[in-house]
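Note that the structure is a prediction, hence the values are computed from the model and not measured.
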Amino acid sequence: MKKFIIKTSFFVTPFLLFYFINAVFYRKNEGDLARLGYIYNNPSPSSEVAAQYKPLEEKYIRISETDLDQNIKVDILTIGDSFSEQRLVGYQNILANKGFSVVHVDRFLSEENPIQVLIELINSDFFDRIKTECVVLQVVERSVVQRTSKLSLAQSKNIDSIKTQIQEHKEKLKSTNPDELQKIEFFSDATVKIPLFNFQYLFLNRPLHSDVYCFKSNTNLLFSNNPKDLLFYKDDIKTLSAKNDDKNVSQVNKIFNEINQLLEKKGIKLIVMIAPDKYDLYYPYIKNKPKGKEPLFFEKLEKEKKEYLYIPSYSILSDMIKKEKDVYFYDDTHWTMKGSEAMSESIYNMIQNKKAVE
């Protein structure tokens with residue numbers, strides 16, 4: 001028995017050591033980049049940055065909260081990905097606090113592809129029930145080429161199917177334990193991955209099999225607590241060639257023009273807001289820039305002829321970064337409330353200018 005315990009200890013002790021190191025240094029409930037990259041050293045945690053902003057009263061509503069058996073009239077309908085799911089500090093709620101009535105298509109209704117789902121809603125009875133003057137379509141840059149490349153312009157999603165999805169989602173939430181989703185098991189690959197990734201970050205921009213890049217920054221004035229590096233999601237860089245391709249950019253613009261035409265037949269105007277990849281925005285601040293990895297998507301898109309209303313998100317946010325910290329979170333792929341405020345202000349001004357012209 002003694003020999004068995006000794007032999008077992010050689011196997012168990014490293015796991016115990018790693019587990020306790022992880023428990024002390026790894027904060028799993030911070031930004032998505034810190035979680036995906038298993039980052040120990042997080043000088044600017046998203047929770048601390050977010051705590052600097054006072055959340056607004058929740059004034060926008062979600063489709064899942066509405067009575068879909070009744071006609072609803074609102075100023076703005078929004079649909080998008082995770083950048084549209086920031087709740088109290090999101091651009092929709094800021095717009096609602098500025099006086100607009102705003103309804104949002106829940107992400108679980110559009111998660112696979114908000115562009116495709118918007119087309120399906122246009123083709124159905126949805127906008128006969130939900131009356132709106134404009135639709136804000138938000139999509140993250142890294143996904144925009146892929147999401148516009150394989151669309152069906154004939155599919156539809158009617159009110160009844162939406163009701164079914166909402167009910168199924170509510171049932172799923174009842175059976176989900178959020179604590180289990182955050183738990184790191186003792187004998188799991190994460191127990192070893194966490195210290196292994198952090199060791200590799202000492203020598204590599206991206207550890208083997210990691211989803212997160214870490215580049216040295218040429219300034220420490222971009223985020224709270226002055227970190228000296230920059231964290232990026234791997235897909236920001238993986239999708240660069242597709243995003244920089246002229247034909248792809250033209251196709252993206254063509255799809256948005258076509259969606260705008262479909263909406264205009266219903267008396268609705270399309271506003272497109274592409275959330276810039278963090279890599280694109282902070283590329284000028286990378287100390288040793290990777291060769292051949294310059295982001296060009298927004299530069300090319302600016303030159304395209306647009307029939308829809310276009311939020312120049314990249315230009316707005318790039319200018320902000322030059323003047324203030326925490327436009328995006330250090331440890332996350334998303335913009336902070338500062339970014340949300342800037343986007344809501346741009347949307348607000350665009351709608352007001354459109355009304356003045358009319």
Side-chain angles (χ1 to χ4, degrees), residues 75-84 86 89-92 94-95 98 100 102 114-115 118 133-145 147-148 222 236 239-240 242-246 248-260 263-264 268-285 294-328 333-357:
D75 298 317
I76 305 169
L77 179 135
T78 64
I79 183 169
D81 48 46
S82 57
F83 281 83
S84 293
Q86 293 180 306
V89 295
Y91 68 90
Q92 304 102 317
I94 299 172
L95 282 168
K98 289 177 182 289
F100 285 122
V102 182
I115 303 172
L118 176 56
E133 296 179 15
C134 62
V135 169
V136 175
L137 171 60
Q138 176 274 311
V139 60
V140 68
E141 179 196 350
R142 74 180 73 91
S143 299
V144 70
V145 171
R147 285 175 172 170
T148 52
L222 300 172
D236 289 4
T239 57
L240 267 177
K243 293 181 297 186
N244 287 348
D245 184 87
D246 291 336
N248 288 341
V249 175
S250 293
Q251 174 65 12
V252 167
N253 186 67
K254 178 175 176 288
I255 290 295
F256 290 147
N257 281 336
E258 289 177 354
I259 294 174
N260 180 67
L263 282 171
E264 283 192 331
I268 302 169
K269 192 64 183 178
L270 175 66
I271 299 176
V272 172
M273 180 171 67
I274 301 175
D277 291 341
K278 189 177 177 184
Y279 176 82
D280 288 44
L281 280 178
Y282 289 88
Y283 178 79
Y285 307 100
E294 181 183 2
L296 302 171
F297 175 80
F298 285 99
E299 179 184 324
K300 293 175 182 290
L301 184 61
E302 293 284 345
K303 300 173 184 177
E304 295 288 329
K305 185 178 180 180
K306 304 172 184 67
E307 298 174 16
Y308 54 92
L309 299 175
Y310 174 68
I311 301 298
S313 54
Y314 177 81
S315 299
I316 294 169
L317 296 169
S318 292
D319 288 342
M320 285 183 67
I321 289 172
K322 296 173 185 176
K323 303 169 187 174
E324 50 190 303
K325 295 181 178 182
D326 299 324
V327 176
Y328 273 48
T333 57
H334 299 88
W335 54 48
T336 64
M337 190 174 179
K338 288 183 179 180
S340 294
E341 286 176 334
M343 295 301 97
S344 68
E345 186 69 17
S346 181
I347 295 169
Y348 178 87
N349 291 336
M350 184 168 284
I351 293 174
Q352 294 294 70
N353 292 338
K354 179 177 175 289
K355 287 182 177 180
V357 171

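- Heavy-atom minimum distance, L270 versus F256: CD2-O, 3.5 Å.
- For the atom pair CG of N260 and NZ of K269, the computed distance is 4.0 Å after rounding to the nearest 0.5 Å.
- Judged by distance alone, the side chain of T78 and the main-chain N or O of Q92 form no donor-acceptor pair under 3.5 Å.
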Decide yes or no on side-chain hydrogen bond (donor to acceptor under 3.5 Å, both in side chains) for Y91 and S84, but give the supporting numbers first.
CA-CA 7 Å; Y91 68 90; S84 293; 2.7 Å; yes
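- Side-chain contact between K243 and P295 is absent, with no heavy atoms from C-beta onward closer than 4.5 Å.
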Start with the C-alpha gap between D81 and R147, add the side-chain angles, then the distance that decides, and say whether salt bridge (charged side-chain N to carboxylate O under 4.0 Å, His left out) holds.
CA-CA 12 Å; D81 48 46; R147 285 175 172 170; 3.0 Å; yes
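- For the pair L137 and Y308, the minimum side-chain heavy-atom distance is 4.5 Å or more.
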Can R142 and T333 be said to form a side-chain contact (heavy atoms from CB on, under 4.5 Å), step by step?
CA-CA 11 Å; R142 74 180 73 91; T333 57; 3.8 Å; yes
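- Under a 3.5 Å cut-off, the side chain of T336 and the backbone N or O of Y328 do not form any donor-acceptor pair.
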If you look only at distance, which donor and acceptor atoms sit under 3.5 Å apart when one is on a side chain in residues 312-320 and the other is two or more places apart or in another chain?
from : atom 1 : to   : atom 2 : distance (Å)
S313 : OG     : I274 : O      : 2.5
S318 : OG     : Y314 : O      : 2.8

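- Counting only heavy atoms from C-beta outward, the side chains of M350 and Y310 never approach each other to under 4.5 Å.
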Decide side-chain contact (heavy atoms from CB on, under 4.5 Å) for V145 and Q251; before the verdict, give the C-alpha distance in whole Å, the side-chain angles of both, and the deciding distance to 0.1 Å.
CA-CA 8 Å; V145 171; Q251 174 65 12; over 6 Å; no
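- Rounded to the nearest 0.5 angstrom, Y279 OH and E294 CD are separated by 8.5 Å.
- A distance of 9.5 Å separates CD1 of I347 from CZ of F100, quoted to the nearest 0.5 Å.
- Shortest non-hydrogen contact noted between L95 and S344 is CD2-O, 3.4 Å.
- Between the CG atom in L296 and the CG atom in N244 there is a gap of 4.0 Å [rounded to 0.5 Å].
- A donor-acceptor pair under 3.5 Å is absent between the side-chain atoms of D236 and the main chain of E141, judged by distance alone.
- You'll find the side chain of P276 stays beyond 4.5 Å of the side chain of F297, heavy atoms only.
- Between the NZ atom in K254 and the CG atom in N248 there is a gap of 13.0 Å [rounded to 0.5 Å].
- Closest of all the heavy-atom pairs between V89 and M337 is CG1-SD, 3.6 Å.
- No donor-acceptor distance shorter than 3.5 angstrom exists from the side chain of S346 to the backbone of M343, with no hydrogens or angles considered.
- When all heavy atoms of I271 and C134 are compared, the closest pair comes out as CD1-SG, 4.1 Å.
- Geometric assessment of K98 against the ring of Y348 yields a positive cation-pi assignment under the 6.0 Å and 45° thresholds.
- Side-chain atoms of I321 and L281, non-hydrogen and from C-beta on, do get closer than 4.5 Å to each other.
- I351 is not listed as a side-chain neighbour of E133, based on a closest heavy-atom distance of 4.5 Å or more.
- Atoms CG and CD, from N253 and E307 in turn, are 8.5 Å apart once rounded to the nearest 0.5 Å.
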